[in-house]
*Asks:* 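So that we are looking at the same thing, I have put the structure below in structure tokens.
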Amino acid sequence: MADGGASTYIMLITALLVSSSASAVLIQEWSSSSRVIQHQQRGLQLSEELGIDFAGDPMNVNLVPLTDTITFYILNTGEHTMNETKMEVLIDGLSISSSEVTTSFVGSATDWNPNVMVEVEVSNSSFSSYNDGDDISIFTTVVSDSVSGMSASASFGVEVRLDV
């Protein structure tokens, strides 16, 4: 009978050691998961704080036929600085290479801060088929500057009418 008590204690101690090891692993995994969730929440919050929008008259977008250039304006409507060099432009679904996109700040701005407008000139030989009064779609995506080590993008799509 004395034997049964000793083996019971051994089993109890073994069970406590195993359960404490399992608890330590679970706590570590919970901590890692919590950090990942916090990082994702900060990324989602940053995405919600970014915004760009077409600025100007969508029925009067400048087309220069001789240079096959379309000019339009983008306003930073978000809370953070955007990076004008990290921009993707699609005209009627055609991806325009970065070498065909030129940006410049409107006014005396030197960074694309909130409420700052950027002029975008897009040149492509396929624009030679466009005429005065044609309707085209513009889709633009811009990446933000780094905010707390993170960056995100904002985009807009709009249908505009060309004016020579």
*Asks:* From Ile70 CD1 over to Ile91 CD1, what is the distance, rounded to the nearest 0.5 angstrom?
*Replies:*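 Spacing of CD1 (Ile70) from CD1 (Ile91) equals 5.0 Å.
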*Asks:* Would you confirm whether Trp30, through its side chain, and Ser34, through its main-chain N or O, come within 3.5 Å as a donor-acceptor pair?
*Replies:*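 Not confirmed, Trp30 side chain does not pair with Ser34 backbone.
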*Asks:* Do the side-chain N and O atoms of Ser95 and Glu88 include a donor-acceptor pair separated by under 3.5 angstrom?
*Replies:*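 There is such a pair (donor and acceptor under 3.5 Å, judged by atom type) between the side chains of Ser95 and Glu88.
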*Asks:* If you compare all heavy atoms of Ser126 against all heavy atoms of Leu94, which two are closest, and at what distance to 0.1 Å?
*Replies:*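 Between these two residues, the closest heavy atoms are OG-CD2, 3.3 Å.
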*Asks:* If you apply the rule side chain to side chain contact (heavy atoms under 4.5 Å, CB included), what do you find for Arg35 with Ser31, and how did you get there?
*Replies:* CA-CA 6 Å; Arg35 280 193 297 273; Ser31 176; 2.9 Å; yes
*Asks:* Under 3.5 Å, is there a donor on one side chain and an acceptor on the other for Asp111 and Thr81?
*Replies:*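 No.
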*Asks:* I'd like to know if Ile138 and Val101 are part of one continuous hydrophobic network [Ile/Leu/Val/Met/Phe/Trp/Tyr, side-chain heavy atoms within less than 4.5 Å].
*Replies:*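 Linked, Val101 and Ile138 end up in one cluster.
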*Asks:* Count I, L, V, M, F, W, Y as connected when their side-chain heavy atoms are under 4.5 Å apart, and connections chain through other members. Are Val158 and Leu63 then in the same cluster?
*Replies:*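 Same cluster: Val158 reaches Leu63 through Ile, Leu, Val, Met, Phe, Trp or Tyr contacts under 4.5 Å.
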*Asks:* Supply the atom-to-atom distance Thr102 OG1 to Glu84 CD, rounded to the nearest 0.5 angstrom.
*Replies:*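 Nearest 0.5 Å value for the OG1-CD distance: 12.0 Å.
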*Asks:* Just do the side chain to side chain contact (heavy atoms under 4.5 Å, CB included) check on Val106 and Val118 with the steps written out, would you?
*Replies:* CA-CA 6 Å; Val106 175; Val118 168; over 6 Å; no
*Asks:* Could you tell me whether a side-chain N or O of Asn76 sits under 3.5 Å from a main-chain N or O of His80, the two making a donor and an acceptor?
*Replies:*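 Between the backbone of His80 and the side chain of Asn76 there is a qualifying donor-acceptor contact (under 3.5 Å).
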*Asks:* Once you round to the nearest 0.5 Å, how far does OG of Ser151 lie from CG of Asn83?
*Replies:*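 So the gap between those two atoms works out to 9.0 Å.
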*Asks:* Membership question, hydrophobic clusters at under 4.5 Å side-chain separation (ILVMFWY): are Met87 and Ile96 in the same one?
*Replies:*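 Linked within one cluster.
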*Asks:* Under a 4.5 Å side-chain heavy-atom rule over Ile, Leu, Val, Met, Phe, Trp and Tyr, are Val147 and Val143 clustered together?
*Replies:*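 No, separate clusters.
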*Asks:* Would you check, one step at a time, whether the test side chain to side chain donor-acceptor pair (under 3.5 Å) holds for Ser123 with Thr69?
*Replies:* CA-CA 4 Å; Ser123 299; Thr69 302; 2.9 Å; yes
*Asks:* Provide the closest heavy-atom pair for Pro114 versus Gly78 in the form atom of the first, atom of the second, distance.
*Replies:*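 Scanning both residues, the minimum pair turns out to be CB-O, 3.2 Å.
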*Asks:* Search all heavy atoms of Thr110 against all heavy atoms of Phe105 and return the closest pair with its distance.
*Replies:*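 That would be O-CE1, 3.3 Å.
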*Asks:* What pairs of residues pass the ring-ring contact (aromatic ring centres under 6.0 Å, His included) test when at least one of them lies in residues 129-153, not counting sequence neighbours?
*Replies:*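 Pairs touching residues 129-153 that pass the test: Phe127-Tyr130.
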*Asks:* Would the distance check show the side chain of Thr140 and the main-chain N or O of Val89 forming a donor-acceptor pair, the cut-off being under 3.5 Å?
*Replies:*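 Not confirmed, Thr140 side chain does not pair with Val89 backbone.
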*Asks:* Taking Asp134 for its side chain and Asn131 for its backbone only, find out whether a donor-acceptor pair lies under 3.5 Å.
*Replies:*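 Yes, Asp134 side chain to Asn131 backbone: donor-acceptor pair under 3.5 Å.
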*Asks:* Hey, quick one: are Leu90 and Phe54 part of the same hydrophobic cluster, counting side-chain heavy atoms closer than 4.5 Å, chains of contacts allowed?
*Replies:*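 In one cluster: no.
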*Asks:* When you look at Leu162 and Asp132, which way does the side chain to side chain contact (heavy atoms under 4.5 Å, CB included) test go after all the steps?
*Replies:* CA-CA 6 Å; Leu162 297 175; Asp132 186 40; 5.8 Å; no
*Asks:* Is the closest side-chain donor-acceptor distance between Ser153 and Thr141 under 3.5 Å?
*Replies:*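 Side-chain D/A pair, Ser153 to Thr141: absent.
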*Asks:* Does a donor on one side chain and an acceptor on the other come within less than 3.5 Å for Gln41 and Gln45?
*Replies:*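 Side-chain D/A pair, Gln41 to Gln45: absent.
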*Asks:* Evaluate the side chain to side chain contact (heavy atoms under 4.5 Å, CB included) criterion for residues Thr14 and Leu17: first the C-alpha distance (whole Å), next the side-chain angles of each, then the deciding distance (0.1 Å), finally the verdict.
*Replies:* CA-CA 5 Å; Thr14 303; Leu17 288 173; 5.7 Å; no
*Asks:* Classify the ring geometry of Phe72 against Phe156: parallel below 30°, tilted from 30° to 60°, perpendicular beyond 60°.
*Replies:*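 Rings of Phe72 and Phe156: perpendicular, as their planes differ by over 60°.
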*Asks:* Just to verify, what does Arg161 make a salt bridge (charged side-chain N to carboxylate O under 4.0 Å, His left out) with, not counting sequence neighbours?
*Replies:*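 Only Asp135 meet the salt bridge (charged side-chain N to carboxylate O under 4.0 Å, His left out) criterion with Arg161.
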*Asks:* Rounded to the nearest 0.5 Å, how far does CE of Met117 lie from OH of Tyr73?
*Replies:*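 Going from OH on Tyr73 over to CE on Met117, the span is 8.0 Å.
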*Asks:* What are the two closest heavy atoms between His39 and Met150, and how far apart are they?
*Replies:*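 Distance-wise, the nearest heavy atoms are O-CE, 3.6 Å.
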*Asks:* Measuring from atom CG of Leu50 to atom CE of Met82, what distance do you get when rounded to the nearest 0.5 angstrom?
*Replies:*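 Here the interatomic distance stands at 5.0 Å.
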*Asks:* Mind checking the CG-OG1 spacing from Asn124 to Thr67? Nearest 0.5 Å is all I need.
*Replies:*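 Reported value, rounded in 0.5 Å steps: 11.5 Å.
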